[in-house]
Amino acid sequence: MTADVDPVSSKQKASVGIQVHSRSEKATGRQAGTDAWWRHSVIYQIYPRSFQDTNDDGIGDLRGIVDRLDYLTWLGVDAIWISPIFCSPMADFGYDISDYRNIDPRFGTLEDFDHLLAEAHRRGLRVLLDYVPNHTSDRHPWFLAARSARDDPHRDMYIWRDPAPDGGPPNNWQSDFGGDAWQWDEATEQYYYHAYLKEQPDLNWRNPLVRKEMYDVLHFWLDRGVDGFRVDVMWHLIKDDLFRDNPPNPDWTEAMPPHKKVLQIYSADRPEVHDVVSEMRGVLAEYGADRLLIGEIYLPLERLVAYYGRDLRGAHLPFNFHLITAPWEARHIERQIDEYEAALPEGGWPNWVLSNHDKPRIAARVGREQARVAAMMLLTLRGTPTVYYGDEIGMSNVAVPPGNVRDPFERQVPGRGFGRDPQRTPMQWDSTTNAGFSAGIPWLPIASDAADVNVEAQSSDPRSMLSLYRKLLSFRRRSDALTIGRYTKVHASKCVLAYLRETESERYLVALNLGPQPAEMTVPGPCRRVLDTSGGGAGQRIQETLRLAGNEGVVAEMID
Ligand code: GLC
Ligand code: CA
């Protein structure tokens, strides 16, 4: 963007090309703000290294994403969130950024990015970037300067402490990737803090210079026209000013990652973090009400919802990962939905996530058949859903042999099942070499079942997972009840989870059998099957008893 462009009109121009969803046009009688695009949208997460490679280096790139935009509109999603694409030494695959204002050459160039953005917008797809404010790379010029001398003006942009009296680390804070969160710096004789790898030093968000610089980064991308951000580890941004020790976690077991031995009550989720989040929101608000702020936050519900902020001036969508972390059990999930709905602040909009690049895929957690039920749940619950790339074809985790491990978490805490490579393997497009992902050597192995589990094979099979996703997405798109309608729990027992989604004019019953055995429930009134995971009985009328096969989900329209 050139300096002589009037900033206001260029900001407006940046959003031209978005075809506003037709449903928002017919909105009448809705409360102000309730028609925000992201309330009736579905977000699709792209892990760019693994989506589509176009230059045969085995790593996905921006041009690859452009090549697949038509697929995404055909699928029926509304927005893409792209995991980090900025210059990075790749110690944590892009979550260690050395230049926030440029594209890593492995992914392409700024021109490629502008092209991607324009092509996405031309198709009515919004683009969300991954904003990583908690830490930089240790190769970022700020950190290189900060570690050069104690009196360097950049020093306080990071978190430096003297050793404890015994010479050890200043307190007991642990890295989320295992081991101590403090790294001794020989040259300047102080420790610096890193919540993740030692190559990812934490920024000091109590320093006004950090805030200014990092808000400028938001401006840089907003000026280019991006539609919003997913903010990495939002709850980590501010740490205790007194650097108190975290208390031990009485519930820790060997099955849990080592950093969970302590409760991170002083190293994360500090009250002052909400000021930072609302400042970020303020930056987005300068560009109108349409730029979306999502926060990555792993916290219990009551602390999670605080991230909507005072007077809803925090994140629009604090990511709700409770379907990822919950046991897959109907009563448990039902309780969780109730608690979430009850905890939401007035006007706060819910959201749901089934998988992401950090956690095992849904198909790996519940099995391929049950993953169909999970898809129906994700796309019929009240709230904005986020779909992880590949879940729409039922991709599962792919075992990565120890010699080929790429993920730093697995390298630091090996053999315990925490590694994230298995859920990051290349997208399976077709049955050609490397599933159509790359003509080079893919950076992670391709799933062994890719010849069958791929987009091409599934697109012509009406019973495939992909066809189910498309049906659900298109059904949802046409239904106000399923997007912005009320949620009401319906009594069901054992493995069945059931609820109504309704507006004044539409009422749907959703009944999900979370187990492999047949089950039944009494319906709240006569209804007709309109969609099911098995692709079988659409049209069938149900008078009193709905019979569900094992691993079956049904959407039925209430008729009275
Ligand atoms: C977030 C990212 C994860 C990354 C970590 C550190 O949790 O999702 O992939 O490793 O932050 O940046
Ligand atoms: Ca490439």
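Counting starts at 1 for both ligands and their atoms, in listed order.
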Arg368 versus Val453: any side-chain heavy-atom pair under 4.5 Å?
-> yes

Taking the Ca ion (ligand 2) as the vertex, measure the angle between atom OD1 in Asn55 and atom OD2 in Asp61; round to 10°.
-> 90°

For ligand 1, is any non-hydrogen atom under 4.0 Å from His194's backbone (N, CA, C, O), its side chain (CB onward), both, or neither?
-> neither

Proximal atoms of ligand 1 relative to Arg420 (non-hydrogen, under 4.0 Å) = 3 (C), 4 (C), 9 (O), 10 (O)

Residue, atom name and distance, where the atom is the protein heavy atom closest to atom 7 (O) of ligand 1 | Glu296 OE2, 2.8 Å

closest protein heavy atom to atom 1 (C) of ligand 1 is Asp232 OD1, 2.7 Å

Do Thr386 and Asn356 come close enough that some side-chain heavy atom pair is under 4.5 Å?
-> no

Contact atoms of ligand 1, heavy-atom distance to His135 under 4.0 Å = 6 (C), 12 (O)

Within a distance under 4.0 Å of any heavy atom of Val233, pick out the atoms of ligand 1 and give their elements.
-> 1 (C), 7 (O), 11 (O)

What part of Tyr298, side chain from CB on, backbone N/CA/C/O, both or neither, has a heavy atom under 4.0 Å from ligand 1?
-> neither

For Arg416, does the CZ atom sit with more than 12 other heavy atoms under 6.0 Å from it, leaving out its own atoms?
-> yes

With a cut-off of 3.0 Å, does any N, O or S atom of Thr54 fall short of it relative to the Ca ion (ligand 2)?
-> no

Run the contact test for Arg230 against ligand 1 with a 4.0 Å cut-off on heavy atoms, strictly below, and give the result.
-> yes

For Trp252, is the NZ or CZ atom of Lys260 found under 6.0 angstrom from the centre of its six-membered ring and inside 45 degrees of the ring axis?
-> no

Heavy-atom count around Arg139 CZ within 6.0 Å, excluding the residue itself: above 12?
-> no

Heavy-atom contacts with Phe177 under 4.0 Å: which atoms of ligand 1 show up? List them by number with element.
-> 10 (O)

Is it true that Asp407 and Arg420 have a side-chain N and a carboxylate O under 4.0 angstrom from each other?
-> yes

Within 45° of the axis and under 6.0 Å from the centre of the six-membered ring of Trp349, does NZ or CZ of Arg382 qualify?
-> yes

So does Ile59 have any N/O/S atom less than 3.0 Å away from the Ca ion (ligand 2)?
-> yes

Close N or O approach (Asp358, ligand 1; < 3.5 Å) = yes

So how far is it from Arg244 CZ to Ile265 CD1, rounded to the nearest 0.5 Å?
-> 8.0 Å

Identify, for atom 6 (C) of ligand 1, the protein heavy atom at the shortest distance, and state residue, atom and that distance.
-> Asp92 OD2, 3.5 Å

State the atom name: nearest N, O or S atom of Asp53 to the Ca ion (ligand 2).
-> OD1

State, yes or no, whether a side-chain contact exists between Tyr389 and Ile80 at a heavy-atom distance under 4.5 Å.
-> no

Looking at Asp57, the N, O or S atom sitting nearest the Ca ion (ligand 2) is OD1

Are a donor atom and an acceptor atom from the side chains of Trp38 and Asp78 found within less than 3.5 Å of each other?
-> no

Run the ring-centre check on Tyr193 versus Phe243 and record whether the distance is less than 6.0 Å.
-> no

Numbered atoms and elements of ligand 1 in range of Arg424, under 4.0 angstrom, heavy atoms = 9 (O)

